[in-house]
Amino acid sequence: MIAFVSGTVAALAPDSAVVEVGGVGMAVQCTPDTLARLRVGRQARLHTSLVVREDSLTLYGFTDDDERQVFELLQTASGVGPRLAQAMLATHRPDTLRRAVATADERALTAVPGIGKKGAQKLLLELKDRLGAPVGAPAVGAPVSQGWRDQLHAALIGLGYATREADEAVTAVTPQAEAAGGTPQVGQLLKAALQTLNRAR
């Protein structure tokens, strides 16, 4: 198993990164939140999980080992493959998922594309004793961080968009960020920003 990859980020795409390791470009599938932290030409270290299929070998990358472990634990539930597990982590941080399962929060799970009401109920039952308790304390009444603007702008530039396009995309998702009522997730905003840019083209 490949536990992590460490090297220079050679390329970024909306759903993956290429990390050069010993002269070899490793394609790694990542969530928008993880991609938002990477920069082409900079060093990066991603914790990874290798998914082996009859016709493919796919490497999934994560910011930290906790995220990787949750990714693998999610797949122990019936009907959850790597793509759905990644979609769950693209929507929620690991602790948010743990809290959702611990409190039987169906709404949090149905917010994930591909999970309906019945699927959420089934997952809550299956994951109840697998994910464990939340590690960190939930943020209560946290002010909206303005740092997300710089992070999102830099992520869009890193994906190859022009400064003007990045500016327009940040402006377009600002209402969504402010409506979050807390510290907005850059990964979620990046996904929304890419959608607005694709519609504009």
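All values below come from the heavy atoms of this structure, side chains included, with hydrogens, waters and symmetry mates left out. The structure presented is a predicted model; accordingly, all values stated were derived computationally and were not measured.
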Should Arg99 and Asp105 be marked as a side chain to side chain contact (heavy atoms under 4.5 Å, CB included) after you check the CA-CA gap, both sets of side-chain angles, and the distance that decides it?
CA-CA 8 Å; Arg99 201 167 290 113; Asp105 187 353; over 6 Å; no

Under the 6.0 Å and 45° cation-pi test, does Arg45 pair with Phe4?
yes

Report yes or no: does Glu165 contribute a side-chain atom to a donor-acceptor pair with the main-chain N or O of Ala162 at less than 3.5 Å?
yes

I'd like to know whether Ser49 forms a side-chain hydrogen bond (donor to acceptor under 3.5 Å, both in side chains) with Glu72, so could you lay out the CA-CA distance, the side-chain angles of the two residues, the decisive distance to 0.1 Å, and finally the verdict.
CA-CA 8 Å; Ser49 178; Glu72 293 177 349; 2.9 Å; yes

Mind listing the closest non-hydrogen atom pair of Arg68 and Ala3 along with its distance?
CD-O, 4.4 Å

Is there a donor-acceptor contact under 3.5 Å from the side chain of Arg39 to the main chain of Ala36?
yes

Which atom pair, heavy atoms only, marks the closest approach of Ala77 to Arg130?
N-NH1, 3.4 Å

For a quick test of reading the model, state the closest non-hydrogen atom pair linking Ala27 to Leu59 and the distance between them.
O-CB, 3.7 Å

Test item: Glu67 side-chain N/O and Leu89 main-chain N/O as donor-acceptor pair under 3.5 Å
no

Is it true that Asp15 and Lys191 have a side-chain N and a carboxylate O under 4.0 angstrom from each other?
no

Using 0.5 Å steps for rounding, measure from the CD atom of Gln69 to the CG atom of Asp65.
4.5 Å

Heavy-atom pair of closest approach, residues Cys30 and Leu46:
SG-CD1, 4.1 Å

Atom of Leu12, atom of Leu38 and distance for their closest heavy-atom approach:
CD1-O, 3.7 Å

Approximate separation, where rounding is to 0.5 Å, of Leu131 CG and Glu126 CD
11.5 Å

For Val70 and Arg98: C-alpha separation, side-chain torsions, deciding distance, then whether side chain to side chain contact (heavy atoms under 4.5 Å, CB included) applies.
CA-CA 9 Å; Val70 170; Arg98 291 189 184 100; 3.5 Å; yes

Would Val40 and Val5 show up in the same hydrophobic cluster when neighbours are defined by side-chain heavy atoms closer than 4.5 Å?
yes

Ala193 backbone acceptor or donor facing Thr196 side chain under 3.5 Å
yes

What's the shortest heavy-atom distance between Phe62 and Tyr60, and which atoms?
CE1-O, 3.5 Å

Would you indicate whether the side-chain heavy atoms of Gln195 and Pro14 approach each other to under 4.5 Å?
no

Is there a side-chain contact between Leu190 and Leu194, using heavy atoms and a 4.5 Å cut-off?
yes

Spacing of Leu84 atom CG and Leu74 atom CG [to the nearest 0.5 Å]:
8.0 Å

Side-chain donor-acceptor pairs under 3.5 Å in residues 106-117, sequence neighbours left out?
from, atom 1, to, atom 2, distance (Å)
Glu106, OE1, Lys117, NZ, 3.0
Glu106, OE2, Gln121, NE2, 3.3
Thr110, OG1, Glu106, O, 3.2
Thr110, OG1, Arg107, O, 3.1

Verify, without hydrogens or angle tests, whether Ser56 (side chain) and Val52 (backbone) share a donor-acceptor contact under 3.5 angstrom.
no

Are Leu73 and Leu97 connected in the hydrophobic side-chain network, where two residues link if heavy atoms are under 4.5 Å apart?
yes

Where do Ile2 and Met26 land on the side chain to side chain contact (heavy atoms under 4.5 Å, CB included) test, with the steps shown first?
CA-CA 11 Å; Ile2 302 172; Met26 306 284 282; 3.9 Å; yes

Using 0.5 Å steps for rounding, measure from the CG atom of Asp33 to the CG atom of Leu35.
9.0 Å

Evaluate Val9 against Gln43 for side chain to side chain contact (heavy atoms under 4.5 Å, CB included), listing each step before the verdict.
CA-CA 6 Å; Val9 179; Gln43 288 290 306; over 6 Å; no

Residue pair Leu50 / Thr58, side-chain heavy-atom distance below 4.5 Å:
no

For the residue pair Gln86 / Thr31, report whether a side-chain donor-acceptor contact shorter than 3.5 Å exists.
no

